[in-house]
Amino acid sequence: MKFAVKAATGGRARAGMLHLGPNLMETPALLLSTRKGLPVFISPDLLPCLPRPDSHLLQFSPLHFLDGPCPKTISSIGGLHQMLGLHEYGFVAVARDSVQSLPEFDSTNKFGASFETPCGRRLVKPVEYMEMISSMRPNLWTTLADEVPAWVSDKRNKTSVDRTVKWLDECITMSPAGGAVFGSIVGGSNIEERQRCAQEVAKRNVSGYWIGGFGLAESMNDRPPLLNAVTDNLPEERPRLICGLGLPEEVLQGIAAGVDLFDSAYIYHLTLGGFALIFPLDGMETSDIGSDCTKINLRATMYRKDTTPIVEGCSCYTCQNHTKAYINHLLNVHEMLAQILLEIHNTYHYLGFFRSIRYAIKEGKFEEFQNKFVQSRRSSCILE
Amino acid sequence: PVEAYREPSVLGRFNRARAAQLTLPHFVSQTPLFMPVGTQGTIKGLTTSQLEEIGAQIILGNTYHLALRPTSELIDELGGLHKFMNWPRAMLTDSGGFQMVSLLHLADITEKGVTFQSPVDGKPMLLTPEESIQIQNRIGADIIMALDDVVKTTITGPRIEEAMYRTLRWIDRCIEAHTRPHEQNLFGIVQGGLDPVLRDICVKGLVDRNLPGYAIGGLAGGEDKDSFWRVVAQCTASLPENKPRYVMGVGYPLDIVVCSSLGADMYDCVYPTRTARFGTALVPEGVLKLKQRAMADDTRPIDPTCACMVCKNYTRAYIHCLVTKEAMGSQLLSYHNLYYMMQLSRNLHSAIVEGRFPEICKTPKPSERHFIVSLPYETSNRVCF
Ligand SMILES: [Zn+2]
Ligand SMILES: [Zn+2]
């Protein structure tokens with residue numbers, strides 16, 4: 001892995017280049033969420049309809065494979081790239097996926113981190129985690145963390161930082177050859193703990209940083225100082241990945257704090273809810289009735305006879321081939337094609353959002369972009 | 001106006017088996033062919049471009065479901081089902097009667113039509129032959145089916161005879177009601193249960209109406225295989241050579257091979273996609289149950305001889321961890337199973353054209369024989385699949 005910051009704004013936001021596996025891509029970038037390595041609904045033959053290399057970072061949780069195939073089998077198949085037939089893609093391993101594999105801080109102890117998974121509550125020790133990583137051979141992996149929600153006591157929060165740093169050292173000791181290591185940073189909603197954790201992790205020999213413990217019940221207003229406390233203590237030249245910031249405004253918050261890589265669990269939630277992203281990617285005006293200005297719900301009766309695509313002019317497979325009326329019907333009759341088409345459009349659209357952000361940063365207009373976006377959403381929501 | 005129909009040109013024969021080219025308004029298809037079932041205006045878990053890619057030629061829509069949602073009026077208003085779901089190739093809709101009888105236990109058949117309780121508000125509703133055709137005219141498929149009086153093949157007695165004669169009376173009402181004969185082909189359905197005399201009367205009656213195609217109905221409903229094949233053999237023998245023959249509800253690979261050997265051309269069944277959702281893959285040796293524990297560490301593809309996207313990329317072990325848990329599991333298995341059915345159709349077609357039809361009926365290795373069945377009538381050798 002190689003990373004270089006190419007453009008910085010006056011603030012913390014930055015544009016960079018990430019060389020991961022066979023892909024050279026610009027940051028800030030979105031990692032596509034997967035279930036067992038494949039997008040939840042977009043089958044591998046449809047993946048090439050998404051822009052590349054933008055869509056070539058796939059995030060997965062090793063815990064998805066707790067019910068098989070076992071590490072030995074994955075290893076004998078030749079790792080994740082081979083098992084999924086996706087050699088052109090960069091795989092990023094993060095234990096938590098913000099959807100089905102969630103940190104269960106109550107049951108986490110000094111031996112390992114506990115997660116709620118589809119196979120029930122599971123305690124994962126660093127040695128087991130590393131066994132999974134070794135067999136899967138991702139291009140990039142994050143160390144095991146003890147993530148806690150915003151409301152835990154200072155004592156519990158401090159323990160989580162201590163454990164996360166200890167596990168980081170254990171993971172690095174056991175780390176397999178190949179694959180970039182991102183050191184995990186926690187610290188909950190405590191600025192000092194965030195700083196302490198970032199400083200500790202920054203001392204280690206890692207390729208980049210994973211910022212954990214967000215999207216776990218902290219308020220949006222509390223977030224910027226916490227994010228800044230982390231990024232201000234990290235070396236400029238290494239990439240930063242975060243999980244748990246989903247909404248466009250939240251992504252902008254992260255970017256404003258100097259984060260480079262984001263997860264896309266948000267797209268999954270949108271898709272399941274029957275939502276399609278519609279906010280304009282160039283200008284910042286929107287006037288679609290029955291929306292919250294960023295998305296529409298295609299279940300709404302008003303789309304029953306709407307023969308226009310989700311977004312006029314969108315070049316995604318869905319908008320090129322199907323109408324709102326058809327997707328409305330598919331949702332009404334609970335047909336899986338609805339989710340396939342929505343996941344394609346939403347992913348395509350969000351990748352476009354990231355492209356606009358990179359452009360704004362390179363033009364030195366990120367702050368303007370962020371303000372406009374947040375403003376336009378607020379004002380058009382008031383208009384309704 | 002689009003030409004609704006051209007008589008199929010038979011490209012090759014092997015005994016009674018035939019390979020033909022069927023020209024429909026939206027597509028020129030090669031027979032024998034299997035039609036994937038897209039009940040609600042979509043084949044479960046596949047995009048229309050994937051369907052084209054695997055070689056689907058005609059897909060089936062279910063009139064009963066489409067009439068409920070999104071309604072045939074809406075489909076009509078938006079330009080027909082082809083446009084609504086963006087499917088450029090051919091399409092067939094059923095009459096809706098069979099679905100009512102099989103899905104709604106309160107359905108009752110009278111001379112007027114099929115009465116049933118509306119699943120929406122519980123009120124009694126009536127589907128007449130005229131209405132079925134009107135709905136199908138609105139949906140706009142290349143092939144539409146006459147409303148028939150369906151009875152289970154396992155039923156015996158005067159009900160079978162009544163249903164056969166009623167089917168013949170209804171075909172005239174269907175023909176009369178059909179408003180788009182130049183764009184849509186109305187197929188009649190041969191009924192008559194397992195009774196050769198009744199089947200014969202029905203075939204003759206329908207052939208007299210000179211329809212663009214004929215379906216053999218009332219089968220694949222639990223009757224034994226010998227009776228099933230006997231009826232197919234009898235019907236195909238007396239149906240006109242120059243018209244397509246469609247065996248309704250047939251979808252097991254073996255049945256398709258046998259029916260094709262008897263001169264049938266078209267098939268449809270939910271089996272390949274339904275069985276995929278339960279984790280079962282179709283393979284040359286029979287079926288592979290991907291849920292089984294034995295698959296967990298099996299690093300071979302589902303079918304090493306299959307050229308589909310799934311078999312080229314994925315191991316049984318990986319599919320095992322997806323099936324019945326992730327949407328992707330049924331998407332990938334449906335893709336493979338439909339590819340398998342399309343490949344079977346292509347193989348049948350080219351084998352007949354190239355005079356290699358008996359090869360299709362042979363199994364490569366004795367150890368791989370999962371089904372061994374004896375063929376009725378002229379073929380005395382055994383068919384294995
Ligand atoms: Zn789109
Ligand atoms: Zn296959």
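Reminder, nothing fancy here: chain letters follow the sequence lines and each chain counts from 1.
Contact annotation for A/P118: neither backbone nor side-chain heavy atoms come within less than 4.5 Å of a heavy atom of chain B. Both the backbone and the side chain of B/M328 come within less than 4.5 Å of a heavy atom of chain A. Only the side chain of B/S330 has a heavy atom closer than 4.5 Å to any heavy atom of chain A. With a 4.5 Å cut-off on non-hydrogen atoms, B/A296 touches chain A through its backbone but not through its side chain. Proximity to chain B involves both the backbone and the side chain of A/S43, based on heavy atoms less than 4.5 angstrom apart. Proximity to chain B (any heavy atom under 4.5 Å) is restricted, for A/Q82, to the backbone atoms N, CA, C and O. Heavy atoms closer than 4.5 Å to chain A are found nowhere in B/I43, neither backbone nor side chain.
Across all non-hydrogen atoms, the minimal contact from A/V40 to B/Q331 is O-NE2, 4.2 Å. Closest approach of B/L46 to A/L337, counting heavy atoms only: O-CD1, 3.7 Å.
Side chains of A/E335 and B/T39: no donor on one and acceptor on the other come within 3.5 Å.
No side-chain heavy atom of A/P69 sits under 4.5 Å from any side-chain heavy atom of B/H320. In this structure, the side chains of A/I77 and B/Y318 stay at 4.5 Å or more apart for every pair of heavy atoms.
A/I344 contributes atom CD1, which lies 7.0 Å from atom OG1 of B/T47 (distance to the nearest 0.5 angstrom).
Salt bridge annotation for A/D67-B/K325: present, with a cationic side-chain nitrogen under 4.0 angstrom from a carboxylate oxygen.
B/E326 places no side-chain N or O within donor-acceptor distance of the main-chain N or O of A/K36, the cut-off being under 3.5 Å. Not one N or O on the side chain of B/D297 forms a donor-acceptor pair closer than 3.5 Å with the backbone of A/T73. For the pair A/H329 (side chain) and B/Q40 (backbone), a donor-acceptor distance under 3.5 Å is present.
Between A/Y326 and B/F84, the two ring planes are perpendicular [angle over 60°; tilted spans 30° to 60°].
Contact tally against chain B (heavy-atom pairs below 4.5 Å) for A/Q339, A/K305, A/H64: the top residue is A/K305.
Of residues 85-96 of chain A, those residues lying under 4.5 Å from chain B by any heavy-atom pair are A/G85.
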